[in-house]
**Q** 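Handing you a structure now.
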Amino acid sequence: MVDVHPDLSAPPASIGVIGTGLIGGSIVRRLRALGRDVIAYDHDAAVRGRLADAGARVAADAADVARRCELVVLAVPPGSVATLWSELLAADVDDVTVIDVASSKGPIAAALRPVGEVPSSSGDAVFVATHPMAGRVEAGFDAALDNLFVDAAWIIVPHAEIDVPRLGQIVAFIRQMGARPCFLSVADHERFTAVASHLPHLLAFSYRKMLHALDADGMAAFAGGSLGDVLRVADADPPLWREILAANDGEIARARDALIGEMTAFPLDGTAPGDRLVADDSSPTPAAVELPSKGPIGARGAAELADTGRTGQFLVDIVVADDAVTCTFAP
């Protein structure tokens, strides 16, 4: 649980979701389960009908969502985030915080920086990249769950132009989803997700293809739990995962090559010690980051927030004083 100064603890009064597949749909279902209104839009008319059945207020289009909400979630594939953000700016949306939930951030950051990634005025629309570390093999609104994010890490990628009120707004929303807020830089996010999410999917896709090539598909029915564990995510949505893997190909390639190196070097003749590798159980020293209470947090504040994620620490407290804001982190 994150303890936040009262001025920052209330969730946004109005929340919108653009794109209501598994992640966006789960946000909608969570809000409705909490008795909260939610304004949503999906390009699929059939899905818009199911949104209405689920109790969401269905918007006319994406810009309509942004005009009616304090916080808007872009729950669209990585390649669509920057384009949609630009479309919202062109539609003159104002005074709204916009976050995404895509699992790759490098291409989004690269696309946004040249055109002025974030307006500095607190009265304008401001974009912040985020990523909930939660999902399912099943895709689409019908697979959405109201508890998908409970106890999951939800990464925030801070930047210099965000101010503390907007940061508190995002943190309060993440808490409302039942998740645990944490921070990483763009580079660390890409490196982490390559190892923690993208490479396991690549392994599962490749393993299934290998089984087919070895004419072992049918015999897979005889296998125990280990094969099922490896292949669990191989049924994930192919078009989405082609886009995700392409968006983070550099870091995934490095992780893949490191894994191949470890597998190649692993002795298969019984000479290896065979000891189980034990994770380091030592806990990092809790961190505290001071931010200005007024105006943007600046490059230094963004970097210090992002550094907390490198040691696996979550945001646990925000205390606001007259001239500074102290954010406390712990494992």
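Computation of the quantities below employed the complete heavy-atom set of this structure, encompassing side-chain atoms and omitting hydrogens, waters and symmetry-equivalent molecules. Nothing here was measured: the structure is a model prediction, and the numbers come from that model.
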**Q** Set out, in order, the CA-CA distance, both residues' side-chain angles and the distance that settles salt bridge (charged side-chain N to carboxylate O under 4.0 Å, His left out) for Arg67 and Asp95, then state yes or no.
**A** CA-CA 9 Å; Arg67 292 191 187 102; Asp95 199 20; over 6 Å; no

**Q** For residues 253-267, tabulate all N or O donor-acceptor pairs below 3.5 Å that involve a side-chain atom, not counting sequence neighbours.
**A**
| residue | atom | partner | partner atom | Å |
| --- | --- | --- | --- | --- |
| Arg254 | NH2 | Glu251 | OE2 | 3.4 |
| Thr264 | OG1 | Ile260 | O | 2.8 |

**Q** So, taking the atom named CG in Leu74 and the one named CH2 in Trp85, what distance separates them when rounded to the nearest 0.5 Å?
**A** 8.5 Å

**Q** Taking only residues two or more places apart in sequence, or in another chain, which ones meet Tyr41 in a ring pair (Phe, Tyr, Trp, His ring centres under 6.0 Å)?
**A** none

**Q** Any heavy-atom pair between the side chains of Val319 and Thr328 that's under 4.5 Å?
**A** no

**Q** Work out which heavy atom in Ala75 is nearest to a heavy atom in Gly19; give both atom names and the distance.
**A** CB-O, 3.2 Å

**Q** For the pair Thr130 and Val157, evaluate side chain to side chain contact (heavy atoms under 4.5 Å, CB included) and give the outcome as yes or no after the intermediate values.
**A** CA-CA 6 Å; Thr130 81; Val157 181; over 6 Å; no

**Q** Where do Asp37 and Arg57 land on the salt bridge (charged side-chain N to carboxylate O under 4.0 Å, His left out) test, with the steps shown first?
**A** CA-CA 7 Å; Asp37 283 340; Arg57 299 176 186 265; 3.3 Å; yes

**Q** With a 3.5 Å distance limit and no angle check, can you tell me whether Ser197 reaches the backbone of Thr193 through a side-chain donor-acceptor pair?
**A** no

**Q** With hydrophobic residues grouped by side-chain heavy-atom distances under 4.5 Å, do Leu89 and Val72 end up in a single group?
**A** yes

**Q** Has the side chain of His131 got a donor or acceptor atom that lies under 3.5 Å from a matching backbone atom of Lys105?
**A** no

**Q** Can you list every side chain to side chain donor-acceptor pair (under 3.5 Å) pair that touches residues 238-248, not counting sequence neighbours?
**A** His198-Asn248

**Q** Roughly how far apart are Asp188 CG and Asp307 CG, rounded to 0.5 Å?
**A** 7.5 Å

**Q** Any link between Val171 and Val128 through a network of hydrophobic side chains (Ile, Leu, Val, Met, Phe, Trp, Tyr) touching at under 4.5 Å?
**A** yes

**Q** Looking at Arg208, I'd like to know if its CZ atom is crowded, meaning that more than 12 non-hydrogen atoms belonging to other residues, nucleotides or ligands lie closer than 6.0 Å.
**A** yes

**Q** Of the non-hydrogen atoms in Thr308 and Ala287, which two are nearest, and what is the gap between them?
**A** CG2-CB, 4.2 Å

**Q** Output the distance between atom CZ (Phe205) and atom CG (Leu231), rounded to the nearest 0.5 Å.
**A** 11.0 Å

**Q** Is the shortest side-chain N to carboxylate O distance from Asp151 to Arg180 below 4.0 Å?
**A** no

**Q** When you look at Ser293 and Val325, which way does the side chain to side chain contact (heavy atoms under 4.5 Å, CB included) test go after all the steps?
**A** CA-CA 5 Å; Ser293 60; Val325 176; 3.9 Å; yes

**Q** Do you reckon Val230 sits in the same ILVMFWY cluster as Leu211, going by side-chain contacts under 4.5 Å, direct or chained?
**A** yes

**Q** So do the side chains of Cys69 and Ile15 get within less than 4.5 Å of each other, counting heavy atoms only?
**A** no

**Q** Using distance only, find each side-chain donor-acceptor pair of residues 20-30 under 3.5 Å and give its atom names and separation, not counting sequence neighbours.
**A**
| residue | atom | partner | partner atom | Å |
| --- | --- | --- | --- | --- |
| Thr20 | OG1 | Asp42 | OD2 | 3.0 |
| Ser26 | OG | Leu22 | O | 2.7 |
| Ser26 | OG | Leu145 | N | 3.0 |
| Ser26 | OG | Leu145 | O | 3.3 |
| Arg29 | NE | Ala144 | O | 3.4 |
| Arg30 | NE | Gln176 | O | 3.0 |
| Arg30 | NH2 | Gln176 | O | 3.4 |

**Q** I'd like to check Glu304 versus Arg300 (side-chain heavy atoms, cut-off strictly below 4.5 Å). Are they in contact?
**A** yes

**Q** Please check if Ile174 and Phe314 belong to a single hydrophobic cluster, counting links between Ile, Leu, Val, Met, Phe, Trp and Tyr side chain heavy atoms closer than 4.5 Å.
**A** no

**Q** Would you say the side chain of Val98 lies within less than 4.5 Å of the side chain of Val73, judging by non-hydrogen atoms?
**A** no

**Q** Does Arg50 have any side chain to side chain donor-acceptor pair (under 3.5 Å) partners at least two apart in sequence or in another chain, and if so, which?
**A** Asp142

**Q** Is the closest basic N to carboxylate O distance between Asp44 and Arg48 below 4.0 Å?
**A** no

**Q** Tell me, yes or no, whether the heavy-atom count around Asp53 atom CG, taken from other residues, nucleotides or ligands under 6.0 Å, exceeds 12.
**A** yes

**Q** With sequence neighbours excluded, tell me which residues meet ring pair (Phe, Tyr, Trp, His ring centres under 6.0 Å) with Phe173.
**A** Trp154

**Q** Closer than 3.5 angstrom, by distance alone: can the side chain of Asp163 be matched with the main-chain N or O of Arg166 as a donor-acceptor pair?
**A** yes

**Q** Donor-acceptor pair, distance only, cut-off 3.5 Å: does the side chain of Ser80 make one with the backbone of Val76?
**A** no

**Q** Test Phe329 against Thr311 for side chain to side chain contact (heavy atoms under 4.5 Å, CB included), laying out the working first.
**A** CA-CA 10 Å; Phe329 296 80; Thr311 53; over 6 Å; no

**Q** For Leu291 and Ile318, what are the C-alpha separation, side-chain angles and deciding distance, and is it a side chain to side chain contact (heavy atoms under 4.5 Å, CB included)?
**A** CA-CA 10 Å; Leu291 304 173; Ile318 301 177; over 6 Å; no

**Q** Could you pull out the closest heavy-atom pair between Val65 and Val17, with the gap in Å?
**A** CG1-N, 4.0 Å

**Q** Which distance, rounded to the nearest 0.5 Å, do you find between the CD1 of Ile162 and the CG of Leu167?
**A** 5.0 Å

**Q** Same cluster or not: are Ile170 and Val320 linked, directly or through other Ile, Leu, Val, Met, Phe, Trp or Tyr residues, by side-chain heavy atoms under 4.5 angstrom apart?
**A** yes

**Q** If you compare all heavy atoms of Pro78 against all heavy atoms of Ile244, which two are closest, and at what distance to 0.1 Å?
**A** CG-CG1, 4.2 Å

**Q** Distance check, rounded to the nearest 0.5 Å: Leu88 atom CG versus Ile18 atom CD1?
**A** 5.0 Å

**Q** Looking at Ala60, is its backbone amide N or carbonyl O close enough to the side chain of Asp64 to form a donor-acceptor pair, meaning the two atoms are under 3.5 Å apart?
**A** yes

**Q** Working to the nearest 0.5 angstrom, can you tell me the gap between His159 NE2 and Phe127 CZ?
**A** 8.0 Å

**Q** Check the surroundings of atom CZ in Arg136: do more than 12 heavy atoms from other residues, nucleotides or ligands lie under 6.0 Å from it?
**A** yes

**Q** Is the shortest side-chain heavy-atom distance between Tyr207 and Leu227 below 4.5 Å?
**A** yes

**Q** Test side-chain hydrogen bond (donor to acceptor under 3.5 Å, both in side chains) on Ser14 and Glu70; report intermediate values, then the result.
**A** CA-CA 5 Å; Ser14 52; Glu70 289 185 9; 4.9 Å; no

**Q** Taking all non-hydrogen atoms of both residues into account, name the closest pair between Val233 and Ala204 and its distance.
**A** CG2-CB, 3.7 Å

**Q** For Pro107 and Glu190, work out which heavy atoms get closest and say how close.
**A** CD-OE2, 4.2 Å

